[in-house]
Structures are given as structure tokens and as C-alpha cells.
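Accompanying notes for the structure given below.
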Protein chains: 2
Amino acid sequence: MRNENSSKNTIEDVARLSGVSKSTVSRVLNNHPNVKEKTRRLVLRAMRQLNYKPNIHARRFASGNSYTISVFLPEIGNQFYGRILKGVEEELDKYGYDPALFPLLSRERLKRFSNPNAAAYQSDGFLFVSLDPEKLYHLNPFPLSRPIVLADGYSDKFDCVYVDNRLGGYLAGKYLCSFSGEFFIILIREFEFPLSTRVFLERLDGFKTALKEKGIKLPQRNIISVDFSLGGGQIAARDILQTAGSSLNIFATCDLLALGVVEEIRRAGLSLKNEVRVIGFDDQPWAKDYGITTLHQPIEEMGKMAAHFLMERIRGYKGVTRAISYKPELIKRSSA
Amino acid sequence: MRNENSSKNTIEDVARLSGVSKSTVSRVLNNHPNVKEKTRRLVLRAMRQLNYKPNIHARRFASGNSYTISVFLPEIGNQFYGRILKGVEEELDKYGYDPALFPLLSRERLKRFSNPNAAAYQSDGFLFVSLDPEKLYHLNPFPLSRPIVLADGYSDKFDCVYVDNRLGGYLAGKYLCSFSGEFFIILIREFEFPLSTRVFLERLDGFKTALKEKGIKLPQRNIISVDFSLGGGQIAARDILQTAGSSLNIFATCDLLALGVVEEIRRAGLSLKNEVRVIGFDDQPWAKDYGITTLHQPIEEMGKMAAHFLMERIRGYKGVTRAISYKPELIKRSSA
DNA sequence: CTGAAAGCGCTTACAG
DNA sequence: CTGAAAGCGCTTACAG
């Protein structure tokens with residue numbers, strides 16, 4: 001009971017047609033440098049003629065590599081993870097590797113990952129995005145003996161790639177302090193532990209620090225939590241507009257929220273920049289179109305570097321643990 | 001350059017320790033019926049002693065099966081897909097199969113799936129959730145010669161499992177018509193083609209039909225589109241409350257929106273049921289806690305049946321194409 | 001119910 | 001730069 005793949009041409013057929021050995025075909029397949037250019041072309045032509053597709057299972061079996069990395073992430077439903085993934089995929093493509101995606105989704109679902117034989121552990125390396133593997137281990141002690149890298153998160157123990165969110169919050173706060181009026185921050189309601197990310201709390205922290213330097217205190221009621229959505233931003237904006245004065249400075253902590261806020265400000269007929277300042281975070285591709293002042297963070301780049309670190313480890317790199325911290329940049333546009 | 005897996009015990013070691021042949025160990029591994037109970041126990045004990053883990057790559061290679069199905073879905077960021085996935089996983093577990101997840105995410109990202117060698121096509125079967133494979137083919141003609149099943153979607157050509165959304169909308173409309181006042185529907189803004197789902201438009205359609213039967217026409221401005229989020233529901237509710245009269249009937253088309261609406265109704269100090277009726281859709285586990293009247297749909301069950309159909313096909317079932325349509329049930333609670 | 005043996009399609013030293 | 005050969009760890013008829 002084998003599926004239709006098995007009737008296909010093999011490396012043997014390619015070898016025969018091109019008049020070389022299987023070894024050479026294999027070398028061509030794996031971009032091995034020691035192949036004469038002429039031979040390579042011969043083999044490639046034969047592959048094309050036969051419409052040859054290597055049997056991935058044979059390859060994995062023979063080499064002992066899965067050519068796959070496992071990507072653990074809270075979910076895959078917003079632009080941030082889409083962009084991280086894009087960076088990861090671009091980098092992995094260079095090595096003929098693929099990501100296998102494991103969205104954790106809910107605390108209950110973590111059980112699926114407690115079995116060390118689970119599909120999630122059949123890969124050559126592990127990428128944790130916005131997730132702390134040690135917190136996860138704590139609940140489900142499983143053995144991860146292969147390389148681990150973190151993206152959008154920090155740890156002393158593993159290579160990691162992240163944005164300095166505290167600095168981002170600080171820059172937002174500092175800039176907004178150049179205006180007068182009341183100050184607000186809109187945060188994302190967190191996932192439940194251990195899927196929670198500290199990102200938004202760090203932005204809050206930096207924001208507070210900046211305000212404090214100017215002697216400004218942020219009242220608790222000016223810290224507003226909503227869900228990650230346009231509507232979340234809109235609703236927060238309406239709440240602010242109902243109760244606050246006429247000069248407002250709002251740090252929306254992500255562009256999607258900022259967009260919701262901006263829409264409501266406009267709907268209310270208020271003047272952006274003169275009456276209300278709004279700063280987002282992310283610098284999503286569309287932020288420019290809406291004139292959203294924001295903190296730029298290189299999301300694809302983070303994914304790319306994380307994948308790069310991981311591939312280095314998979315290929316045997318044994319150097320010390322590394323951390324790259326990206327500094328967010330304030331991009332001034334019409335919203336502030 | 002083989003990774004640490006290769007130093008592990010093999011089927012050979014287990015055979016030696018338990019004093020049987022490799023064939024028999026393999027049979028135990030695959031739950032083959034023709035193994036004496038005593039032998040099976042012997043083998044299992046040896047496996048435990050050696051902490052034996054079968055080499056998945058060898059297994060796939062030798063059998064020609066990937067023991068994997070590819071699940072294509074728009075994204076994996078909300079409870080609906082989490083629950084579908086849960087059902088799929090439960091069913092696949094029975095067969096020792098695993099899902100490989102392929103969230104399409106954006107139209108641009110579809111390019112990744114145009115290569116017939118892509119990881120997405122290395123599996124034994126394909127599950128399309130909320131997605132129409134024919135629309136996808138149309139953009140990227142790729143050859144899918146292995147079984148295909150649809151969940152949360154309909155097609156004449158493939159086995160499929162879906163909810164009768166038109167009926168759901170109709171039931172919501174019919175029930176709300178038993179109250180007087182103004183009528184509203186809140187919809188989800190769609191993904192861009194070809195990732196769009198027709199689900200919400202079908203609910204709208206059924207809703208309109210029910211109203212029409214009672215001679216009620218739904219004005220265009222009472223059809224409100226928002227993003228899929230709590231905030232979306234809240235914002236829609238506020239818009240409705242600002243402009244509408246005192247007796248309102250709102251079909252929120254999913255529980256998350258309904259919850260947002262209910263929260264705003266309460267905040268506005270209005271009386272649910274007496275002044276405002278709200279109906280959701282889904283019957284999420286938490287809908288009961290919030291007293292949300294809703295249309296129940298069996299989400300995990302859909303995932304389960306879809307996976308079941310697919311496994312049947314993978315195992316050689318050749319019968320005619322099947323479609324299961326689940327009828328949503330109106331669950332009356334305090335919100336309407 | 002069980003075993004011996006062939007085979008799955010690659011990769012990888014090794015020798016040249 | 002290339003080839004012959006061994007080997008990766010399973011599954012699967014086949015024979016008994």
C-alpha cells in the first residue's frame with residue numbers, strides 16, 4: 001500500500017540517463033561544490049527530462065536530518081506573526097529547510113507537546129517566538145537536546161533576537177512629553193500564562209520612565225487594556241474621548257490599535273497632532289498610508305536572524321550564546 | 001554529520017532483547033493483530049527497557065506514507081480554528097497521523113504554495129478549512145492527486161463537512177422577529193479573495209429571508225461590518241445605540257461580536273431582552289457564562305468528521321463524494 | 001502467529 | 001572531480 005509517489009523516477013534513473021553515478025547525481029542534488037560544471041548541467045537536464053523529484057523521506061532517512069525546524073508560537077492570526085514567519089521562511093529557503101508550525105493557542109493544548117515523540121520534536125532545531133521555553137518546560141518537562149533560538153523574547157540561555165521594547169516605550173513617552181495635555185497608554189490584554197508575552201508591559205515600563213523623567217505621573221485609569229484588534233483601539237479611543245480634556249497624548253503600543261484610535265479621533269472631528277497625538281508601534285506597511293507616527297521594528301529581519309542563528313547551530317556552530325537587540329526608531333508622521 | 005538520534009536503539013536491538021525477529025517487533029509497533037499477546041508484551045517490555053523510539057524517517061521511507069496530512073486554513077488566531085484543529089487532532093491521533101499546518105495568511109504568501117515540491121504537498125492527504133481549493137488552484141494550478149476534504153466549506157467535488165449557515169441566519173431572524181423594534185446584523189469584514197469565506201454572507205442571507213417572510217426589510221445601514229474581535233462588537237453596538245430607537249434586535253453572527261455587544265448594552269444601562277435582543281453564533285464554551293443566546297454549531301465535531309473522511313480516503317475508500325451539513329440549533333439564554 | 005530476506009531511495013565515507 | 005559500495009532503520013510480501 002504505497003502511494004503514487006513510489007512509481008516515480010529515482011536517482012538511479014537520473015544517473016542512467018545522464019551517464020553518471022548515483023553519487024554524482026546526489027552531489028548535484030545537494031549543491032556539492034565538487035562537481036564539474038559540465039556534469040552538473042548534464043544531470044540537471046536529465047532531472048528535467050524525467051521530471052525527477054527527490055524522495056524527501058529517503059533523503060531524510062539517509063542523511064539523518066529532517067530539513068525542518070519547529071516553530072513554536074502563541075498563534076498565527078495577526079500580521080506580526082505573519083511577518084516573522086516570512087523572515088524565517090526566507091532564511092530557511094537558503095538551506096533547503098522548512099518550518100513546521102506549532103501554534104500553542106491555549107494552555108489546555110500544551111498537553112499535546114508533553115509527549116517527547118510528538119511531531120513537534122522531530123525536527124533539527126527549535127524556534128520559540130514570543131514564548132519562553134523555560135516557562136513551557138516548567139509545565140511539561142521535555143528534553144530538547146537540539147538547538148534552540150528565541151525570537152521576540154529574551155533569555156540568557158539561548159541565542160535570541162528581540163526588540164528593545166522598553167526603549168520603544170521610552171521614546172514614545174519622551175516624544176509625547178514634548179506636548180502638553182493628558183497622557184494615555186493602550187495595552188493588549190495578555191494571553192494566559194505561560195503563553196503570555198512581556199512585550200506590552202515592557203513598552204508600558206519604558207513609557208512610564210520617560211514620563212517620570214519629566215515629572216509626569218500616569219494615573220492607573222489612563223492605562224487601558226483591550227484586545228488585539230482595530231475595534232480594541234476604537235473602543236479605547238471612545239472611552240478616552242468621553243472622559244478626557246481637549247489635549248491628549250496617546251501611546252497605542254501597536255499600529256493596529258493606533259489605527260483604531262486615529263479613526264475615532266477623525267470621526268470625532270478632532271484635529272490630529274493639534275488636539276490629539278497618537279503613537280503606534282510596529283511600523284506596519286500600511287502605517288504610512290494612514291499617517292501613523294510609530295516605532296519602527298524590523299519584524300521580518302528578526303525572523304530572519306533568528307532562523308539564521310538556528311541554522312548556524314544546526315550546522316554545528318558551538319560559540320557562546322548570542323543576543324541581538326534591535327533598537328526601535330521613532331518614525332514621525334501626521335498622527336503625532 | 002548525523003544528529004544524536006542515530007545513536008539510539010533500533011528495532012534490531014528490541015528484537016534481540018526480546019528474542020523475536022524484527023518483523024515481529026514491527027508488527028507490535030504497527031498494532032498488527034497477528035501477534036500473540038504474550039509476544040506483544042515481551043516486545044513492549046523490551047521497548048520500554050531500551051527506551052526505544054522508532055525512527056520516524058525510516059518508517060515513512062519504508063512504508064511510503066508520510067503519516068501526515070496537510071491542513072490549509074486562512075489563519076490560526078481565533079477560537080474557531082483552534083477548535084477545528086482540536087477535532088482534527090483527536091481523530092488523527094487514532095491513526096497515528098499528525099496534521100501539518102499551513103496558514104495561508106495573505107494573498108501574497110500564496111506564492112509559497114505554487115511549487116509542487118513545497119512541504120505542504122508532502123503529505124498523504126489535504127484538508128481545506130474555510131477555503132475553496134478550486135479558487136486556490138485557479139491562481140496556482142498545482143497537482144493534488146491525493147485525497148482532499150473540506151471543512152467549513154462546500155464543494156460538489158470533494159467530501160465536505162459544514163454548517164448550514166443560511167439556516168442559522170434564518171433561525172436567528174425568525175426568533176428575533178417575534179420581538180418588535182428595529183433589526184440589525186453585524187458581520188465580519190472578509191479576507192481578501194481567495195481567502196474569503198462565504199460563511200457570514202450566508203448567515204446574512206438566511207437572516208434576510210426570515211425577516212422578509214414577516215414583511216420586514218433590513219435597511220442597508222443596519223448591516224454593519226467590523227473586524228473579528230470583541231472591540232469590533234463593542235464599536236458596532238455603540239454605533240447602533242447612538243442612532244437607533246429603544247427596541248433593538250441584533251444578530252451578531254458570532255459569539256465574540258455578541259459578547260462585545262452585550263458588554264456595551266450593559267454599560268449603557270439598557271435591559272437585555274426587554275429593550276435589546278442579541279443573538280450570537282458558535283455557542284463558544286464561554287457563551288453560557290455570559291448568557292448569550294446563540295446558534296450552536298459543533299466545531300470540534302466538524303474537524304473530527306473531516307479528518308475521518310480524509311483518513312478513510314487515504315486508506316483507500318473509493319465511494320462517492322459525501323457532504324455532511326450540520327444544522328445549527330438556537331440556544332436561548334438571557335441575551336434574547 | 002512468526003521469521004528470513006529483500007527492498008524502499010537516498011547519503012556518505014573511501015578510494016582513486 | 002567521480003564511482004562502487006555500504007548503510008541508514010524500517011516495512012512487507014512470502015513461506016512456513
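Just so it is clear, the values below take in all heavy atoms, side chains as well, and ignore hydrogens, waters and symmetry mates. Chain identifiers are assigned alphabetically (A, B, ...) following the order of the sequence lines, protein sequences preceding nucleic acid strands; residue numbering begins at 1 within each chain.
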| said: Check A/D124 with A/R60, please: is the shortest side-chain N to carboxylate O separation under 4.0 Å? | reply: no
| task | Kindly point out which of C/dT12, D/dT12, D/dA6 is positioned nearest to the side chain of A/S26? | result | C/dT12
| query | Atom CZ of A/R59 and atom P of C/dC10: how far apart are they, to the nearest Å? | reply | 10 Å
| query | In whole angstroms, how far is the C1' atom of C/dG9 from the CD atom of B/Q122? | reply | 14 Å
| query | At under 4.0 Å, does any side-chain N or O of B/S21 touch on OP1 or OP2 of C/dA4? | reply | no
| remark: B/N55 has its side chain closest, among D/dC10, C/dT2, C/dT12, to D/dC10
| field | Presence of A/T39 side-chain N/O under 4.0 Å of D/dT2 phosphate oxygens OP1/OP2 | value | yes
| More than 12 foreign heavy atoms under 6.0 Å from CZ of B/R45: is that the case here? | no
| field | Length of the NZ-P vector between B/K22 and C/dC8, whole Å | value | 15 Å
| field | Short side-chain N/O contact to D/dT11 OP1/OP2 from B/N30, under 4.0 Å | value | yes
| request: Classify the side chain of A/R27 and the base of D/dG3 as holding, or not holding, a donor-acceptor pair under 3.5 Å. | output: yes
| request: Would you indicate whether B/E37, at its atom CD, is surrounded by more than 12 heavy atoms from other residues, nucleotides or ligands within a distance under 6.0 Å? | output: yes
| field | Which nucleotide in C/dA6, D/dA4, C/dG9 has an atom nearest any side-chain atom of A/A62 | value | C/dG9
| request: With a 3.5 angstrom cut-off on both distances, give the Watson-Crick or G-U wobble partner of C/dA4, or none if there isn't one. | output: none
| Nearest to the side chain of B/K36, which nucleotide is it out of C/dC10, D/dG9, C/dT2? | C/dT2
| For B/F61 and C/dC10, are the ring centres under 5.5 Å apart with planes inclined under 30°? | no
| query | Within the structure, does a side-chain N or O atom of A/T24 lie under 4.0 Å from either OP1 or OP2 of D/dG3? | reply | yes
| query | What is the distance from CD of A/E37 to P of D/dC1, rounded to the nearest Å? | reply | 10 Å
| N-O pairing of A/K304 and A/E301 below 4.0 Å | no
| remark: From CD of A/E12 across to P of C/dC10 the rounded distance in Å is 10 Å
| note | Closest to the side chain of A/V20, out of D/dG3, C/dA6, D/dT12, is D/dG3
| task | Answer yes or no: does a side-chain N or O of A/T10 lie under 4.0 Å from OP1 or OP2 of C/dG9? | result | no
| said: Does C/dC1 have its OP1 or OP2 closer than 4.0 Å to a side-chain nitrogen or oxygen of B/N34? | reply: yes
| request: Begin with the C-alpha distance, continue with both residues' side-chain angles, and end with the deciding distance and a verdict on side chain to side chain contact (heavy atoms under 4.5 Å, CB included) for A/D13 and A/T10. | output: CA-CA 5 Å; A/D13 301 306; A/T10 72; 3.5 Å; yes
| If you measure from the Lys or Arg side-chain nitrogens to the Asp or Glu carboxylate oxygens, is any gap between A/K94 and A/E91 under 4.0 Å? | yes
| task | Could you state the atom-to-atom distance from CZ of B/R40 to C1' of C/dT2 in whole Å? | result | 13 Å
| field | Upstream residue (5' side of DNA chain D) when B/Y52 and A/H32 are each assigned their closest nucleotide | value | A/H32
| said: Can you measure B/D13 atom CG to D/dC8 atom C1' for me and round it to whole angstrom units? | reply: 14 Å
| note | Winner on side-chain proximity to B/S23, out of D/dT12, C/dT11, D/dT11, is D/dT12
| message | Need the pair for C/dA13. Rule: Watson-Crick or G-U wobble, both distances under 3.5 Å, any strand; none if unpaired. | response | none
| field | Euclidean distance, atom CG of residue A/N65 to atom P of C/dC10 [Å, nearest integer] | value | 16 Å
